[in-house]
Amino acid sequence: MKKPIEPPDRLKKLPPYLFAEIDRIKRELIAQGKDVIDLGVGDPDLPTPSFIIEALSEAAKNPANHRYALDQGMPELRRAIAAWYEKRFHVRLDPDKEILPLIGSKEGIGHVPLALVNPGDVVLVPDPGYPVYKSAAWFAGGEPYLLPLLEENNYLVDFDSIDKEILARAKMMFLNYPNNPTSACASKEFFAKAIKMANEHGFFICHDAAYTEIAFDNFEPLSFLQVDGAKEIGIEFHSLSKTFNMTGWRIGFACGNAQILQLLAKVKSNLDSGIFQAIQWAGIKALSQGIEEAKKNSKIYERRRDLLVNGLNSMGWKIPKPKATFYVWAPVPSGSTSQEFASRLLKEANLVVTPGNGFGPNGEGYFRLSLTIKEERITEALKRIKQLHGR
Ligand SMILES: *Cc1c(COP(=O)(O)O)cnc(C)c1O
């Protein structure tokens, strides 16, 4: 018999996959023919707009696009990103130095600690948060330090509560607004405070802006780079995934500080060989002509948000309507943990939700619902929650 392979410490350190049990029960229920409603996934249900697919399909026919792409992305793509950025955020970026295309923003987020962190350096990570921040820090030998996002602070980082010794050892900080999973949004003042802290204590900021284009009630989420001094100490990650329903395509970008981007590009040049050029052409099309489409998407999510939040609030929840992202973050009923409540919803109502503790210890006591299902399914989900609640 073969001996099992002993995983290296960096893999052993990863937290257990908390959704494994839920995934297993979900598969079982579906196999039994149950009508499972999945409010768990953070992946748009709507298709990629057809004009973007056309652009891919045209570009895929051209042999010039079949070869290795440039590591730093096509100049045309970087120029399209700069044009979109200036139009959307009124921030000028140098397409040659201040923009780095990525194979999805997760790729860049996962690699950026390798570009900035020495073993033992502290990486400040929001909690609850996108799990990749923490694993990326570990993989680079960094020490993740969790920054609690609390309801009483509107899920903004409370910079003054961070230990001075930790700040002295911090090399970088991840931030993410509009936030997954809490859907909180940041103000200019908040980002200004973050920049002040970074300057005082000598760390870099990597802001994950995956959800700036999914916003409601005419609200326009900020770019971190709109705030004075941001470009001196940080970069921002953007993604075409959620904005244009392109999660499977794998295209995003980092922008901001040229030196940080150069270091990240150096890591990447040793690990990947760029984005398939046909996808880059499709990305150019999306950024230059897809803005209206993205706004229509937000309208669809907005109606779903109203339906879901009004429905939950009519049962006694008191959830404020999120201004951005396609997530609703809600407290679990008192007396149960996140995991218990999610299991109960799944087993007794065949509803999948994401237990908040899967995003970190400060997610305990909450659950996340995604607005990536049709209105009639949301109505059905609410009916089932109501029945369960009444029991
Ligand atoms: C979805 C998501 C990403 C990853 O997006 P890709 O560009 O598809 O890799 C990054 N950050 C957050 C917070 C997300 O929710």
Side-chain angles (χ1 to χ4, degrees), residues 8 10-11 14 59 64-82 84-85 93-119 121 123 125 130-142 144 171-176 203-210 224-225 230-231 233-243 246-284 286-287:
R10 81 175 68 84
L11 292 188
L14 293 177
N65 293 327
H66 298 170
R67 314 193 61 179
Y68 282 124
L70 288 172
D71 283 347
Q72 70 272 37
M74 299 189 316
E76 292 89 340
L77 174 62
R78 283 181 273 117
R79 284 201 291 270
I81 292 169
W84 174 75
Y85 217 84
L93 296 170
D94 178 346
D96 295 326
K97 297 198 183 93
E98 295 177 332
I99 292 172
L100 180 65
L102 301 168
I103 309 173
S105 62
K106 183 182 192 176
E107 180 262 299
I109 292 164
H111 287 145
V112 74
L114 292 173
L116 292 176
V117 164
N118 270 318
D121 287 345
V123 178
V125 170
Y130 186 57
V132 184
Y133 309 138
K134 201 157 53 176
S135 10
W138 263 318
F139 287 167
K171 194 64 186 284
M172 61 171 287
M173 172 166 71
F174 281 110
L175 289 176
N176 165 223
F203 58 80
F204 302 108
I205 296 177
C206 294
H207 180 239
D208 180 354
F224 165 67
L225 299 180
K231 215 192 264 180
I233 49 90
I235 60 171
E236 181 161 87
F237 290 99
H238 283 267
S239 173
L240 277 66
S241 289
K242 317 284 166 55
T243 307
M246 291 174 75
T247 47
W249 296 55
R250 312 314 302 139
I251 179 165
F253 61 92
C255 58
N257 186 276
Q259 286 183 66
I260 299 178
L261 294 179
Q262 210 170 29
L263 296 172
L264 179 56
K266 193 162 188 170
V267 172
K268 279 171 59 60
S269 70
N270 284 281
L271 292 169
D272 70 62
S273 301
I275 311 162
F276 179 32
Q277 280 198 14
I279 292 179
Q280 296 192 48
W281 284 113
I284 292 169
L287 287 163

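Just so it is clear, the structure is predicted and the values come from calculations on it, not from any experiment.
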Would the distance check show the side chain of N176 and the main-chain N or O of D208 forming a donor-acceptor pair, the cut-off being under 3.5 Å? yes
Could you walk me through whether V112 and F237 pass the side chain to side chain contact (heavy atoms under 4.5 Å, CB included) test, one step at a time? CA-CA 10 Å; V112 74; F237 290 99; 4.0 Å; yes
Once you round to the nearest 0.5 Å, how far does CG of L175 lie from CZ of F224? 7.0 Å
Distance-minimising heavy-atom pair for S273 and D71: CA-OD1, 3.8 Å
Here the gap from L102 atom CG to I275 atom CD1, rounded to the nearest 0.5 Å, amounts to 7.0 Å
Can you tell me which residue pairs pass the salt bridge (Lys or Arg N to Asp or Glu O under 4.0 Å) test with a partner in residues 248-270, sequence neighbours excluded? E107-K268, K268-D272
Which donor-acceptor pairs under 3.5 Å do the side chains of residues 251-264 make with protein atoms, sequence neighbours left out?
{"from": "N257", "atom 1": "OD1", "to": "Q259", "atom 2": "N", "distance (Å)": "3.0"}
{"from": "N257", "atom 1": "OD1", "to": "I260", "atom 2": "N", "distance (Å)": "2.9"}
{"from": "N257", "atom 1": "ND2", "to": "K231", "atom 2": "O", "distance (Å)": "2.9"}
{"from": "N257", "atom 1": "ND2", "to": "E232", "atom 2": "O", "distance (Å)": "3.2"}

Closest approach of A136 to G110 (non-hydrogen atoms, all atoms of both residues): CB-O, 3.5 Å
For residues S135 and L14, report the shortest heavy-atom separation together with the two atoms involved. CB-CD2, 3.5 Å
With sequence neighbours left out, write down each residue that passes ring pair (Phe, Tyr, Trp, His ring centres under 6.0 Å) with F174, or none if nothing qualifies. Y133
Would you compute the distance between atom OG of S239 and atom NZ of K106 and round it to the nearest 0.5 angstrom? 11.5 Å
CE on M172 to CD1 on I205, rounded to 0.5 Å: 10.0 Å
Distance-only side-chain donor-acceptor flag, E98 / Y85, under 3.5 Å: no
Pick out which of D94, L93, I99 makes a side-chain contact (heavy atoms from CB on, under 4.5 Å) with D96. D94
Applying side chain to side chain contact (heavy atoms under 4.5 Å, CB included) to R10 and F139, what does each step give before you reach the verdict? CA-CA 6 Å; R10 81 175 68 84; F139 287 167; 3.8 Å; yes
Main-chain N/O of M74 paired with Q280 side-chain donor or acceptor, under 3.5 Å: yes
Scanning both residues in full, the closest heavy-atom pair of A278 with N65 reads N-CB, 4.1 Å
Is the side chain of D121 donor-acceptor paired with the backbone N or O of K171 at a distance under 3.5 Å, no angle test? no
Nearest heavy-atom approach of P144 to V125 is CB-CG2, 4.2 Å
CD/Q72 to CG/L100 distance, rounded to the nearest 0.5 angstrom? 8.5 Å
Determine the minimum heavy-atom distance between R78 and G73, stating which atoms define it. NH2-O, 3.1 Å
State the CD1-CE distance between I279 and M246, to the nearest 0.5 angstrom. 7.5 Å
